[in-house]
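One structure is given here, and the rest of the page talks about it.
Protein chains get the first letters and strands the later ones, always in sequence-line order, with residue 1 at the start of each. Since this is a predicted model, take the numbers as computed values, not measurements.
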Amino acid sequence: MSTRTRYWLMKSEPGDFSIDDLARVGTEPWTGVRNYQARNFMKDGMQVGDGVLFYHSNTQVPGIYGIARVASTPYPDPTQFQKTSKYFDPKATPEQPRWFLVDVAFERKLAGGIALDTIRQHAEQLGEDFALIRKGTRLSVLPVSAAQWKLLLSLETP
DNA sequence: GCCAACGTTGGC
DNA sequence: GCCAACGTTGGC
């Protein structure tokens, strides 16, 4: 068993669910991921306590705006079974769920955020394996190395 | 709102 | 199993 802390980045559209929303509710099931690669990171990769960079996408200044923690083991995303949900998946059954999620818990907001612009300026240091700025990659859940985590947080502008 | 770059679906 | 059509993501 590994006790190594792992790190992730998770995207959300702030109009849909923002870091302020997470601050208000405390803990939130990360519903709606419908990409297999992103799902697998949650289902097979995440452990309770892992660090999460909370990223705002599709907004005026995209970037990292807070820190959260993985707060549950993976379990089936309930919205896949809800006919009225926009995340409903007719091919999923409770016996054979397709989509899994974890709960995410608020830790803190980043004072000034870390803009995507700023992140790009450090592309070389972050390295090829940083999926956020890899060309053609649009993963909404992606792994972050300890070194990348450290570097990214050093870019916080108070 | 545009659109490039992906991912998924389904006919064949 | 190919691939065209369609849907989605997400920066700009």
Side-chain angles (χ1 to χ4, degrees), chain A residues 6-25 28-46 50-70 74-104 106-145 148-149 151-157:
Chain A
R6 289 161 159 277
Y7 303 100
W8 309 92
L9 182 146
M10 298 173 88
K11 296 180 186 174
S12 183
E13 301 194 14
D16 200 35
F17 189 80
S18 72
I19 188 69
D20 289 317
D21 293 322
L22 186 61
R24 194 156 31 73
V25 298
E28 178 77 4
W30 204 260
T31 55
V33 170
R34 294 294 180 270
N35 169 281
Y36 288 105
Q37 216 180 333
R39 177 204 70 178
N40 290 345
F41 285 134
M42 290 197 288
K43 186 165 85 72
D44 307 326
M46 288 189 179
D50 286 358
V52 174
L53 299 169
F54 196 109
Y55 182 92
H56 284 179
S57 65
N58 239 318
T59 187
Q60 210 158 19
V61 184
I64 298 163
Y65 287 92
I67 308 293
R69 293 276 161 198
V70 175
Y75 62 95
D77 180 341
T79 62
Q80 71 193 300
F81 311 125
Q82 295 163 4
K83 277 213 169 95
T84 56
S85 168
K86 66 172 170 173
Y87 300 125
F88 176 66
D89 184 342
K91 292 184 179 164
T93 65
E95 294 73 32
Q96 287 230 300
R98 264 196 183 189
W99 306 109
F100 289 76
L101 53 65
V102 296
D103 292 345
V104 170
F106 178 77
E107 184 160 310
R108 67 183 174 94
K109 284 180 71 173
L110 294 184
I114 306 165
L116 178 59
D117 254 4
T118 309
I119 296 170
R120 285 196 198 283
Q121 286 167 21
H122 297 265
E124 205 162 317
Q125 290 162 272
L126 288 162
E128 293 283 308
D129 66 327
F130 187 51
L132 180 70
I133 53 176
R134 201 187 302 147
K135 188 172 155 43
T137 304
R138 291 166 312 170
L139 276 175
S140 65
V141 178
L142 54 102
V144 175
S145 73
Q148 288 159 352
W149 174 275
L151 174 60
L152 287 165
L153 289 185
S154 78
L155 302 178
E156 184 180 358
T157 51

Between [X] ([atom1]) and [N] ([atom2]), how many Å, whole number?
X	N	atom1	atom2	value
Gln60(A)	dG1(B)	CD	C1'	15 Å
Asp16(A)	dT8(C)	CG	P	14 Å
Tyr87(A)	dT9(C)	OH	C1'	12 Å
Ile133(A)	dG10(C)	CD1	P	15 Å
Glu13(A)	dG10(C)	CD	P	7 Å
Asn35(A)	dT9(B)	CG	P	11 Å
Trp99(A)	dG7(B)	CH2	P	13 Å
Asp117(A)	dC12(C)	CG	C1'	11 Å

| query | With sugar-phosphate meaning primed atoms plus P, OP1 and OP2, does Leu139(A) contact a base, only sugar-phosphate, or nothing at under 4.0 Å between heavy atoms? | reply | sugar-phosphate
| said: So Arg39(A), base contact, sugar-phosphate only, or nothing? Heavy-atom distance under 4.0 Å. | reply: nothing
N or O in side chain of [X] less than 4.0 angstrom from [N] OP1/OP2:
X	N	value
Lys91(A)	dG10(B)	yes
Tyr36(A)	dC6(B)	no
Lys135(A)	dA5(B)	yes

| Does Arg138(A) make a side-chain donor-acceptor contact with the base of dT8(C), cut-off 3.5 Å? | yes
Does [X] come within less than 4.0 Å of [Y], counting only side-chain N to carboxylate O?
X	Y	result
Arg98(A)	Asp77(A)	no
Lys109(A)	Asp20(A)	yes
Asp21(A)	Arg24(A)	yes

| query | If you check the Lys11(A) side chain, which of dG11(C), dT9(B), dG10(C) turns out closest? | reply | dG10(C)
| note | Nearest-nucleotide check on DNA chain B, Asn58(A) vs Gln37(A); residue mapping nearer the 5' end is Asn58(A)
| Roughly how far, to the nearest 0.5 Å, is OH of Tyr65(A) from CD1 of Ile114(A)? | 10.0 Å
| query | How many angstroms lie between atom CD1 of Ile64(A) and atom CD1 of Ile119(A), to the nearest 0.5 angstrom? | reply | 4.0 Å
